[in-house]
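Here is how names work: the chains are called A, B, and so on, in the same order as the sequence lines, proteins then strands, and each is numbered from 1.
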Amino acid sequence: MADDHGLGGSSGECHMCLAIPGKIIEISADNPDTAIVDVVSVRRKVDLGLLQDDRPQPGDWVLIHVGFAMSKISEQDAQDQMQTLRILGEAEAAMQEVQGYGLPDRGEVN
Amino acid sequence: MKFVDEFREPELVRRTAEEIRRLVDPHRHYRLMEVCGGHTHAIYRFGLKDLLPANIELIHGPGCPVCVLPMGRIDDGLALAQDPNVIFAAFGDMMRVPGANGSPLEHKARGMDVRIVYSPSDALKLAKLNPDRHVVFFAIGFETTAPSTALTMMRAKADGLRNFSVFCNHVTIIPAIRAILDSPDMRLDAFIGPGHVSTVIGCRPYEWIVKNEHKPIVVSGFEPLDMLQSIVMLLHQLRNGEAKVENQYKRVVPWEGNHAALRAMAEVFQLRPYFEWRGLGFISQSALRVRDTYADWDAEQRFEVPGVRVTDPKAAQCGEVLKGVLKPHQCKLFGRECTPEHPIGALMVSSEGSCAAYYNYEHRKAAMVNILSPTA
């Protein structure tokens, strides 16, 4: 967002209160705690270990926090949550965070 | 203007604001504390105060993990990273937080190996990719973040990964609320409860506030409409002389919380007898330490931690602002020596800190009032 005042994305900050909605695309065949999640067309690996009491399935929506799915939500709530991030001016920071999940294999991220 | 157009359901926002005006007793002053830093950010971002009657005062609470961390803990973490074999990994939020000898970012500029990670599991991956180095993850956050750290440590233990440890600065929200209620210079009427912390702990832990302190609390979402609806719910309770825990954020927060997350925390962490909070002092049983069964992955048990204690710069009044006794702009340094570009206190660093939020958004209020007032 243009009026971001350098908060969020451009300064490389992530927010510890940020909860990012994503759709489960695929659950790893050899590790049920690892899933590929789609957040506004960006796909990243997310940890499902904190939802082991109520495991999400492909097609379900979850709220993601620091790379871990924290709760299952409805598709409508997921869309509302993305809109919340937009009006909070945090959508860019959220996308930066999602893109940051999963180090490239060289480990040189910064 | 553009920014206001992006509100969801602006008409409902306006009607809810009107309902608040109808519900308030004009002879009463209301002091409502929003516990969570995310709410503080949203309140300033939306100019929410300007939709509220003048006798509703919003007091910013302690729910910004970066802001309540005493400076000494940052120096302790950076001291671990003096070892050239150590990679210091932390969330981006931490990078500009000043320690006594500079922020993590400044230490990085001086040659220290400091990396930004977006998830604790990426700090773990960093350890796997660098088997001859030791990765210290600077863990911080309330119960929203602590389960992810816990699960990461469980995975490290299961994998037998020995070159990874956590410098644990996780804190718990309930003792902080208790400390604020015990503080003699703080009189509050009700609480806007934290949203995402409550996805983990649920709503039950707040029941002591209503039982022992007779203060209403409503767990709230982060949109303008969420927060205004929460204030309506609080005003109804106050008008009826009630004190209940209510959940406005049902679409995300289950009443019982997330048991799997609570189990992971209980497996790895135990309560510290006491922990220092910036501005609030030492609060008993308010933070988490790593259990002895995970000692090999606890940076404090594996390394010598100096236990630095640094007093805040004298002129800065972070403590008073954190407790809600002073408003950000009432601090002598606000906007002069201390700005988001050159922060002296952590409240000016984190976008969830009330000083940075106030600094960045307060000037929006004129535009907000124009759009949302019924006669506009």
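For A/Gln99, no part lies under 4.5 angstrom from a heavy atom of chain B. Interface remark: A/Asp54 contributes no atoms to any contact with chain B (heavy atom separation under 4.5 Å).
Comparing B/Ser148, B/Pro120, B/Pro147 by heavy-atom pairs within less than 4.5 Å of chain A, the highest count is held by B/Ser148.
Using a 4.5 Å heavy-atom threshold, the side chains of A/Gln96 and B/Tyr118 count as touching.
Judged as a salt bridge (charged side-chain N to carboxylate O under 4.0 Å, His left out), not a single pair has a partner in residues 138-153 of chain B (not counting sequence neighbours).
Contact annotation for residues 249-258 of chain B against chain A (heavy-atom separation below 4.5 Å, listed by residue number): B/Tyr249, B/Arg251, B/Val252, B/Asn258.
Within the model, atoms NZ of B/Lys125 and NZ of A/Lys45 stand 6.5 Å from one another, a figure rounded to the nearest 0.5 Å. The distance from atom OG of B/Ser121 to atom OH of A/Tyr101, rounded to the nearest 0.5 Å, is 8.5 Å. Rounding to the nearest 0.5 angstrom, the gap separating the CG atom in A/Asp47 from the CZ atom in B/Arg155 is 4.0 Å. Taking NE2 from B/His259 and CG from A/Leu51, the interatomic distance works out to 13.0 Å, rounded to the nearest 0.5 Å. Annotation: the span from A/Phe68 atom CZ to B/Thr149 atom OG1 amounts to 7.5 Å, rounded to 0.5 Å. The CE atom of A/Met70 sits 4.5 Å away from atom OG1 of B/Thr199, with the distance rounded to the nearest 0.5 Å.
Judged purely by atom type and a 3.5 angstrom limit, B/Ser119 uses its side chain to pair as donor or acceptor with the backbone of A/Val66.
By the disulfide bond (SG atoms under 2.5 Å apart) test, B/Cys355 pairs with no residue at all, sequence neighbours left out. Residues forming a side chain to side chain contact (heavy atoms under 4.5 Å, CB included) with B/Ala150 (at least two apart in sequence, or on another chain): B/Ala264, B/Val268, B/Phe269.
Of all heavy-atom pairs between B/Ala260 and A/Gln52, the closest is CB-CG, 3.8 Å.
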